[in-house]
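The next block holds one structure in the form of structure tokens; read it before the comments.
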Amino acid sequence: MAQLWGGRFTKETDKLVYNFNASISFDQKFFGQDIDGSIAHVIMLAKQGILTKEEKDSILKGLAGIRRDVEEGRLKITDEYEDIHSFVEANLIERIGNDGKKLHTGRSRNDQVALDMRLYVRLEVLQVDELVKELLCTLLKIMEDNTDTYMPGFTHLQKAQPVTLAHHIGAYFEMFKRDRSRLKDIYHRMNYCPLGAGALAGTTYPLDRNYTASLLGFEGPTLNSMDSVSDRDYVIEFLSALSTVMMHLSRFCEEIIIWNSDEYRFVEIDDAYSTGSSIMPQKKNPDIAELIRGKTGRVYGALTAILTTMKGIPLAYNKDMQEDKELTFDAIDTVKGCLALFEGMVRTMKFNRETMKQSAMKGFTNATDAADYLVAHGVPFRDAHSVIGRLVLYCIDRHCSIEDLSIQELKEISPVFEEDIYDAVSLQTCVEKRLTLGAPGPAVMQEVIGAHREYLSKSWQDENKISIPGQTAEQNKYI
Ligand code: ARG
């Protein structure tokens with residue numbers, strides 16, 4: 001049991017207590033961030049004359065050695081340490097002796113863990129954003145290839161009006177685009193450095209918090225030390241954005257599962273993304289789509305858990321906050337895995353264009369257009385609605401579509417109908433004439449696709465000159 005404290009204790013920690021309290025099994029995930037933070041802290045301490053140049057160089061060399069040895073498998077992170085901070089500090093002291101004991105000058109584990117978590121989450125915000133961007137590129141390609149792929153649009157899962165596949169996919173494009181904009185907002189709001197807040201009340205050492213913040217690529221230091229060590233808003237915001245990403249993926253998965261069913265056959269999921277049944281040889285199941293839909297609950301769970309954990313915590317740091325990590329890490333890994341798999345599944349999915357078109361031609365998806373035809377010939381809309389309602393009932397009795405009726409039959413229902421009704425209610429007309437901005441008409445859809453292309457040609461990460469992992473040249477000198 002290697003602990004950073006113990007001076008005021010007269011008894012060994014109970015083993016069960018030690019295990020219950022320890023976080024090394026999961027906080028080793030931000031080992032790299034812990035080293036990055038320590039490097040920046042030490043460079044700043046030396047600049048301020050709190051450490052000598054020799055002490056700084058010796059500590060930086062020691063930290064670089066620990067990083068290398070862990071990365072190359074020579075040094076194992078084990079549960080004999082309480083947390084990742086103790087692991088690094090104990091190993092540093094073992095390696096370089098007394099200089100290592102100065103690493104923690106002017107720092108507490110409270111601001112240290114606040115920094116590590118922030119650095120970790122900040123990097124993940126960028127990586128999730130990249131994955132969503134890759135998915136958007138795949139969706140745009142499907143849209144470009146399918147501006148004239150007709151399919152029924154649904155409300156209440158009942159056929160409503162005809163749309164195109166490009167239009168349907170375009171709805172998801174908007175959702176994932178909003179997800180990226182949320183990630184960008186979160187990145188900027190969270191990008192302030194808590195290091196230097198100490199345990200809760202800052203420190204009497206003359207730290208240069210602006211300098212530490214700039215070394216770590218932050219927009220600046222946080223401005224209240226009590227808030228700095230007890231703020232996990234950015235974790236909650238990120239989990240909320242991730243939950244929304246999952247909600248979008250889940251809705252899309254639900255549609256793919258329906259479309260992939262024998263009743264619809266709109267799509268066929270590639271063999272590489274399907275699974276079989278142990279008993280029914282004919283089965284090809286959409287397990288990946290179902291699992292993504294299922295894992296949504298797990299990400300919502302993380303959000304709910306952390307919101308609940310945080311709601312009763314008085315200022316400033318309390319140990320409850322250690323609970324922010326496992327569920328957040330799990331949610332991040334889950335969302336990243338789902339995004340990558342989902343992208344592959346839709347990229348390789350086959351769209352059965354003819355089946356979609358045939359489906360759009362049934363179910364009276366052109367009934368609104370038939371009513372609009374009457375309106376164009378002077379019939380008030382409410383009367384037209386009622387006439388077409390009767391027309392649909394007539395067709396249902398005869399198991400046919402509006403366009404299957406002869407002009408005599410149509411005229412019996414309304415004398416306003418002329419030969420041009422057939423063209424007016426054809427699938428092609430119904431789609432091509434829908435030209436309001438945001439509608440499926442191919443001409444207007446091309447405009448939207450052009451805007452999407454332009455949007456994907458630039459990235460907010462490039463515009464803000466954000467680089468992963470966000471280390472500065474000054475730090476890299478020592479790594
Ligand atoms: N493992 C702790 C956490 O995750 C690190 C901070 C410990 N601070 C303390 N005062 N015990 O929150």
What I'd like to find out is whether the side chain of R107 reaches to under 4.5 Å of the side chain of L45, using heavy atoms alone. no
Side chain proximity check, V346 to L135, heavy atoms < 4.5 angstrom: yes
Short N-O contact, R251 and E255, less than 4.0 angstrom: no
R265 and W259, any side-chain heavy atoms less than 4.5 Å apart: no
Do the side-chain N and O atoms of D34 and Q112 include a donor-acceptor pair separated by under 3.5 angstrom? yes
Within the 4.5 Å heavy-atom criterion, are M321 and M310 side-chain neighbours or not? yes
Do we get R122 above F218's six-membered ring, with its NZ or CZ under 6.0 Å from the centre and within 45° of the axis? yes
The ring-ring contact (aromatic ring centres under 6.0 Å, His included) partners of F9 (sequence neighbours excluded) come to W5
Can you name the side-chain hydrogen bond (donor to acceptor under 3.5 Å, both in side chains) partners of T309, sequence neighbours left out? none
Can you measure from CG (L207) to CD (Q48) and round to the nearest 0.5 angstrom? 7.5 Å
Evaluate I35 against I66 for side chain to side chain contact (heavy atoms under 4.5 Å, CB included), listing each step before the verdict. CA-CA 9 Å; I35 299 267; I66 294 172; 4.3 Å; yes
Let me confirm one number: the CG-NZ distance from L242 to K336, rounded to the nearest 0.5 Å. 10.5 Å
Quick one: ring-ring contact (aromatic ring centres under 6.0 Å, His included) pairs with a partner in residues 97-121, sequence neighbours left out? Y120-F329
From CA spacing to verdict: side chain to side chain contact (heavy atoms under 4.5 Å, CB included), F154, I258: CA-CA 12 Å; F154 298 84; I258 294 171; over 6 Å; no
Salt bridge D99-K56, side-chain N to carboxylate O under 4.0 Å: no
Inspect the contact between D330 and R298 and indicate whether a charged nitrogen and a carboxylate oxygen are less than 4.0 angstrom apart. yes
Are R109 and E82 close enough for a salt bridge, meaning some N to O gap below 4.0 Å? yes
Results of side-chain hydrogen bond (donor to acceptor under 3.5 Å, both in side chains) for K159 - residues two or more places apart only: S359
Check: N224 main-chain N/O paired with T222 side-chain donor or acceptor under 3.5 Å: no
For the backbone of V235 and the side chain of R118, can you confirm whether one donor and one acceptor N or O come within less than 3.5 Å of each other? no
So for atom NZ, which belongs to K101, do other residues, nucleotides or ligands contribute more than 12 heavy atoms lying within a distance under 6.0 Å? no
For the pair R67 and D36, find out whether any cationic side-chain nitrogen is under 4.0 Å from an anionic carboxylate oxygen. yes
Rounded to the nearest 0.5 Å, how far apart are CD1 of I96 and CG of L60? 9.0 Å
Any side-chain heavy atom of M117 sitting closer than 4.5 Å to one from F30? yes
Inspect the contact between D179 and R182 and indicate whether a charged nitrogen and a carboxylate oxygen are less than 4.0 angstrom apart. yes
For Y264, the ring-ring contact (aromatic ring centres under 6.0 Å, His included) test, sequence neighbours excluded, returns F266
Expected output: side-chain T244 to main-chain S240 donor-acceptor under 3.5 Å: yes
Any side-chain donor-acceptor pair under 3.5 Å between Y273 and R347? no
Are the charged groups of E323 and K319 less than 4.0 angstrom apart, N to O? no
Any T149 side-chain heavy atom under 4.5 Å of M356 side chain: yes
Do F87 and Q28 have side chains that get closer than 4.5 Å, going by heavy atoms? no
Within the side chain of R189, is there an N or O that forms a donor-acceptor pair under 3.5 Å with the backbone of Y234? no
Interatomic distance, OG1@T328 vs NZ@K29, rounded to 0.5 Å, equals 11.0 Å
Residues in side-chain hydrogen bond (donor to acceptor under 3.5 Å, both in side chains) with S181, at least two apart? none
Just verifying a value: how many Å separate M246 CE and L303 CG, rounded to the nearest 0.5 Å? 13.0 Å
Please report the C-alpha distance between L131 and E343 in whole Å, then the side-chain angles of each, then the deciding distance to 0.1 Å, and finally whether the side chain to side chain contact (heavy atoms under 4.5 Å, CB included) criterion is met. CA-CA 9 Å; L131 286 167; E343 188 278 329; over 6 Å; no
Please, which pairs that meet ring-ring contact (aromatic ring centres under 6.0 Å, His included) have at least one residue in residues 337-356, sequence neighbours excluded? F252-F342
Whether the side chain of D231 engages the backbone of D233 through a donor-acceptor N/O pair (distance < 3.5 Å, no angle test) should be reported. yes
Do side-chain atoms of D208 reach the backbone of P206 as a donor and acceptor pair under 3.5 angstrom? no
Looking only at atom types and distance, does a side-chain atom of K284 sit under 3.5 Å from a main-chain N or O of I269, one as donor and one as acceptor? yes
Using atom types as modelled and distance alone, determine if a side-chain donor or acceptor of H167 lies under 3.5 Å from a backbone N or O of G438. yes
side-chain hydrogen bond (donor to acceptor under 3.5 Å, both in side chains) filter on K357, not counting sequence neighbours, yields none
Can you list the steps and then say if F26 with Q322 is a side chain to side chain contact (heavy atoms under 4.5 Å, CB included)? CA-CA 10 Å; F26 48 88; Q322 181 164 289; 4.0 Å; yes
Could you tell me the separation between the CG atom of L115 and the NE2 atom of H41, rounded to the nearest 0.5 Å? 10.5 Å
Note: K133-D129 ion pair, threshold 4.0 Å (strictly below): no
Intermediate values then yes/no, side chain to side chain donor-acceptor pair (under 3.5 Å), R353 and N146: CA-CA 9 Å; R353 297 184 168 79; N146 290 287; 2.8 Å; yes
How close do A197 and S228 get, counting heavy atoms only, and between which atoms? CB-CB, 3.6 Å
According to the salt bridge (charged side-chain N to carboxylate O under 4.0 Å, His left out) rule, which pairs have a member within residues 211-230, sequence neighbours left out? none
Do V335 and V299 come within less than 4.5 Å of each other through their side chains, counting heavy atoms only? yes
Which ring-ring contact (aromatic ring centres under 6.0 Å, His included) pairs, counting each pair once, include a residue from residues 124-144, with sequence neighbours left out? none
Can you confirm whether more than 12 heavy atoms, excluding those of K325, are under 6.0 Å from its NZ atom? yes
Is any side-chain N of the basic residue among R453 and E144 closer than 4.0 Å to the acidic one's carboxylate O? yes
I'd like to check the ring-ring contact (aromatic ring centres under 6.0 Å, His included) partners of F176; sequence neighbours left out, ordered by chain and number. H248
According to salt bridge (Lys or Arg N to Asp or Glu O under 4.0 Å), who are the partners of D111, at least two apart in sequence or on a separate chain? none
